[in-house]
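Every heavy atom of this structure was used, including side-chain atoms; hydrogens, water molecules and symmetry mates were not.
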Amino acid sequence: MPIPPSTAGGLLLCRAEPLAARPAAHLPRVRLLLAPAGGWTAIVPGGEPWLDGEDSVAEVLAGWGSAIAIGVGRPVLSLWWEDGRTGFSLAGGFRRAAVYGWAADGTPDGEPEAVRTLAARLGLDPVLDLEELERLTRPDAEADGYSRLLGLIALLSRAGLALPPGLTPGEPADRLREAARYAPGAETVEWSGWREAVRAELDAVEDGPLGPWVLGPKARLLGTAELAAGAPLLLWGARRRSPGRMTAGAVLTAHGALALAYDRARTRRG
């Protein structure tokens, strides 16, 4: 079914589970709905900010996707539809975004390199999946913009994506919000200030693979070792008037002291 020209909307797909995506979802400083989508997180705008400014849906979501990708350290795919057109923008941290689109009649609009970048960054099969993706960049009289977008979603299912029922690209924004709100495991992320955002980010780091080296016995051991190595190196560098050794010693000493102070403060709070 073609997308009505008056329909505009979009959603974000983060290549991480909600526990990892939640802290970074605060960065756009807007209300968002998060829903588990297989090994991914579907992120639905809580409103329609593109109605209040000059930026298009594509520009708004691409900006949010870039911020979240930097915060979570995983790729974020923005899907959008507006005025009969559809497209995607793949953000990957500080790397250049991969952008591609289709006209309402399905005519490709973009560089084929974008879909190859998408396949590489999302870990898709470099042969079979890439071949299917490249078909989306070729003219097809029977494919419109909507079917192109659904074809992309079908390919992403091979990478574990499983959208909740009703969360279908091309639907009006209010229907997407309703579907996201009632999806199993869904939650709302509200901007509550920088303090809460930083605290949420720290909680995510502590709960992740680096957690034992940030908080706990291993973190204290590492901090103590850095102090033990850094202080003598700093003094030795000062005596020898060696800027390099002084800098290395200062960094180790400062990092060790901060690690111990952080561990102590977080332990007390806990």
Side-chain angles (χ1 to χ4, degrees), residues 1-52 56-58 60-65 67-69 71-72 74-82 84 86-91 122 145-193 196-197 199-201 203-204 207:
M1 179 181 68
I3 302 174
S6 59
T7 299
L11 61 90
L12 305 170
L13 300 174
C14 179
R15 192 72 162 90
E17 296 185 351
L19 180 63
R22 185 188 306 121
H26 288 272
L27 296 176
R29 303 176 66 177
V30 294
R31 183 170 177 266
L32 298 172
L33 300 169
L34 274 61
W40 299 59
T41 300
I43 305 175
V44 179
E48 298 177 64
W50 47 85
L51 298 179
D52 302 324
S56 64
V57 179
V60 171
L61 294 186
W64 292 358
I68 294 174
V72 77
R74 302 296 300 275
V76 175
L77 183 66
S78 308
L79 303 178
W80 56 268
W81 46 95
E82 183 177 26
T86 62
F88 71 80
S89 176
L90 178 67
L122 296 183
Y146 181 71
S147 62
R148 300 279 201 177
L149 208 56
L150 291 184
L152 175 59
I153 291 295
L155 276 169
L156 295 179
S157 66
R158 301 179 184 178
L161 177 67
L163 290 175
L167 206 63
T168 307
E171 291 291 334
D174 56 346
R175 293 185 187 174
L176 285 182
R177 288 193 293 270
E178 194 71 9
R181 187 175 295 113
Y182 291 103
E187 60 182 300
T188 300
V189 172
E190 299 269 8
W191 172 252
S192 54
E196 291 300 321
R199 182 177 297 172
E201 182 70 28
D203 288 340
D207 292 336

Minimum-distance pair of heavy atoms, taken over all atoms of [X] and [Y]:
{"X": "Gly166", "Y": "Glu171", "value": "O-CG, 4.4 Å"}
{"X": "Gly47", "Y": "Arg177", "value": "O-NH1, 3.6 Å"}
{"X": "Ala42", "Y": "Leu167", "value": "CB-CD2, 3.5 Å"}
{"X": "Gly10", "Y": "Leu176", "value": "O-CD1, 3.8 Å"}
{"X": "Ala20", "Y": "Pro23", "value": "O-CD, 3.5 Å"}
{"X": "Pro164", "Y": "Ala37", "value": "CD-CB, 4.3 Å"}

Below 4.5 Å, heavy atoms only, C-beta onward: do Phe88 and Leu61 meet side chain to side chain? no
Does Arg74 reach the main-chain N or O of Arg15 with its side chain, forming a donor-acceptor pair under 3.5 Å? yes
Donor-acceptor contact present, side-chain Thr86 to main-chain Leu149, <3.5 Å: no
Is there any side chain to side chain donor-acceptor pair (under 3.5 Å) pair reaching into residues 35-44, and which pairs are they, with sequence neighbours excluded? none
Identify, with sequence neighbours excluded, every residue that meets side chain to side chain contact (heavy atoms under 4.5 Å, CB included) alongside Thr188. Arg31, Leu33, Glu190
Would Glu178 and Arg175 count as a salt bridge (Lys or Arg N to Asp or Glu O under 4.0 Å) here? Give the steps. CA-CA 5 Å; Glu178 194 71 9; Arg175 293 185 187 174; over 6 Å; no
Exactly one of Val76, Leu90, Leu122, Ile153 clears side chain to side chain contact (heavy atoms under 4.5 Å, CB included) with Leu13, and that residue is Ile153
Of Leu161, Leu163, Leu79, the residue whose pairing with Leu156 passes side chain to side chain contact (heavy atoms under 4.5 Å, CB included): Leu161
The reported gap from CG in Leu32 to CH2 in Trp64 (rounded to nearest 0.5 angstrom) is 5.5 Å
Can you tell me how far the CG atom of Leu12 sits from the CD1 atom of Ile68, to the nearest 0.5 Å? 5.0 Å
Candidate pair Leu11 and Trp81, rule side chain to side chain contact (heavy atoms under 4.5 Å, CB included), full reasoning: CA-CA 10 Å; Leu11 61 90; Trp81 46 95; 4.2 Å; yes
